[in-house]
K.L.:
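Right, I'll just put the structure down here and ask away after.
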Amino acid sequence: MMILNAIARDLAGWPLTGINNGYYLQLNDQLQIEIKLHSKRLFMASVHSCRFSCSGMHSSSEAYHIQIHQPGWLRRQAVEFRSRKMAGKAIAAHLNRFANLRQTLSELHYRRIELSFDTKGWHCTIEPWAASEVICRMPPLRRYLRLEKQQRMLLLSSLNMINEVLNLWSKNNPI
């Protein structure tokens, strides 16, 4: 697909491995990021976007999600991590201690961030505004929103920091 070629151009210089409907990006020795294409159909258009995800080991007896809240509608402030379950509240408090991670995520332009935990481990998915393609039928239009250098660095460093922080949590809090 055209969008996957555009993503490969945006990530030129990074080690990409092609998979079905996406790529693997080996960021460092410990972190492999999966880039998958996601499509959403609308009435007379469709939006094709990329979701960047990574995962790691974590021992948990229950499944829970961490919500990432972006305060401030006029001026962006550092994000806040929240959870409704007690096990999630401890990890959210741990994540909130890292000011660089919170500030980096606040500067990133994203549609969605999901951070979930289950018995198999943790999984983080970020869907940026860029790295997406809009295809309209009327008027006929096809436009790709490029993943600019600054947003690319914020995206990759956010995933790397989340990986490092959660690995630190797992080392200090074995269950």
Side-chain angles (χ1 to χ4, degrees), residues 1-60 63 65-68 70 79 81 95 98 100-101 103-137 139-171:
M1 293 188 92
M2 189 175 113
I3 188 169
L4 292 176
N5 294 334
I7 291 293
R9 277 193 309 270
D10 288 350
L11 295 171
W14 292 94
L16 292 175
T17 306
I19 59 170
N20 186 22
N21 222 12
Y23 292 107
Y24 280 127
L25 181 133
Q26 191 69 41
L27 193 60
N28 55 37
D29 294 340
Q30 302 150 357
L31 182 61
Q32 184 177 40
I33 298 172
E34 183 180 26
I35 305 166
K36 290 292 247 179
L37 188 62
H38 174 74
S39 298
K40 183 176 182 180
R41 305 220 5 102
L42 304 171
F43 175 58
M44 292 287 277
S46 62
V47 177
H48 303 282
S49 59
C50 287
R51 291 184 176 171
F52 293 73
S53 61
C54 63
S55 56
M57 299 304 296
H58 175 74
S59 52
S60 176
H65 295 281
I66 303 283
Q67 292 85 30
I68 292 92
Q70 176 72 61
V79 299
F81 296 93
L95 288 165
F98 293 88
N100 285 344
L101 172 60
Q103 186 61 38
T104 302
L105 284 171
S106 71
E107 294 174 17
L108 180 64
H109 301 159
Y110 59 88
R111 282 192 182 102
R112 175 177 313 130
I113 298 179
E114 297 172 358
L115 183 54
S116 59
F117 296 81
D118 58 21
T119 56
K120 297 175 186 171
W122 60 269
H123 188 77
C124 179
T125 302
I126 300 178
E127 184 178 349
W129 277 107
S132 61
E133 183 178 42
V134 179
I135 302 171
C136 296
R137 291 185 193 163
L141 170 76
R142 184 179 204 127
R143 180 162 183 224
Y144 174 72
L145 301 174
R146 226 175 132 231
L147 186 60
E148 298 292 335
K149 183 179 180 181
Q150 179 195 14
Q151 289 296 307
R152 179 176 58 239
M153 287 294 133
L154 289 170
L155 174 66
L156 297 177
S157 54
S158 295
L159 288 168
N160 190 36
M161 282 190 270
I162 288 172
N163 181 51
E164 289 175 358
V165 168
L166 293 176
N167 284 340
L168 180 66
W169 170 264
S170 294
K171 285 179 187 173

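Just so it is clear, the model here is predicted, and its values are computed rather than measured.
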K.L.:
Could you pull out all residues at least two apart from F98 that satisfy ring-ring contact (aromatic ring centres under 6.0 Å, His included)?
P.N.:
H94
K.L.:
Donor-acceptor pairs under 3.5 angstrom involving side-chain atoms of residues 106-113: please list them, not counting sequence neighbours.
P.N.:
residue	atom	partner	partner atom	Å
S106	OG	Q103	O	2.6
S106	OG	Q103	NE2	3.4
E107	OE2	Q103	NE2	3.2
R112	NH1	E127	OE1	2.9

K.L.:
Hey, is D10 close enough to R146 for a salt bridge, meaning N to O under 4.0 Å?
P.N.:
yes
K.L.:
Against Y23, only a single residue in I33, L4, L37 fulfils side-chain contact (heavy atoms from CB on, under 4.5 Å); can you say which?
P.N.:
L4
K.L.:
Under 3.5 Å, side chain of Y144 to main-chain N/O of M2, donor-acceptor pair present?
P.N.:
no
K.L.:
For L16 and A8, work out which heavy atoms get closest and say how close.
P.N.:
CD1-CA, 3.8 Å
K.L.:
Kindly write out the residues that satisfy side-chain contact (heavy atoms from CB on, under 4.5 Å) with A63, not counting sequence neighbours, or none if the list is empty.
P.N.:
D118
K.L.:
Would you say that more than 12 heavy atoms from the other residues, nucleotides or ligands in this model lie under 6.0 Å from the NE2 of H123, or not?
P.N.:
yes
K.L.:
Is the closest side-chain heavy-atom distance between L11 and R152 below 4.5 Å?
P.N.:
yes
K.L.:
Write down the atom of I162, the atom of C124, and the distance for their closest heavy-atom approach.
P.N.:
CD1-SG, 3.7 Å
K.L.:
Between N163 (side chain only) and L159 (backbone N and O only), is there a donor and an acceptor less than 3.5 Å apart?
P.N.:
no
K.L.:
Check whether Q26 reaches the backbone of N28 with its side chain - one donor and one acceptor, N or O, closer than 3.5 Å.
P.N.:
yes
K.L.:
Give a yes-or-no answer on whether the side chains of H48 and S39 include a donor-acceptor pair shorter than 3.5 Å.
P.N.:
yes
K.L.:
Would R143 and E133 pass as an ion pair if we require N to O under 4.0 Å?
P.N.:
no
K.L.:
Take S116 and I66, measure what side-chain contact (heavy atoms from CB on, under 4.5 Å) needs, and give me the verdict at the end.
P.N.:
CA-CA 6 Å; S116 59; I66 303 283; over 6 Å; no
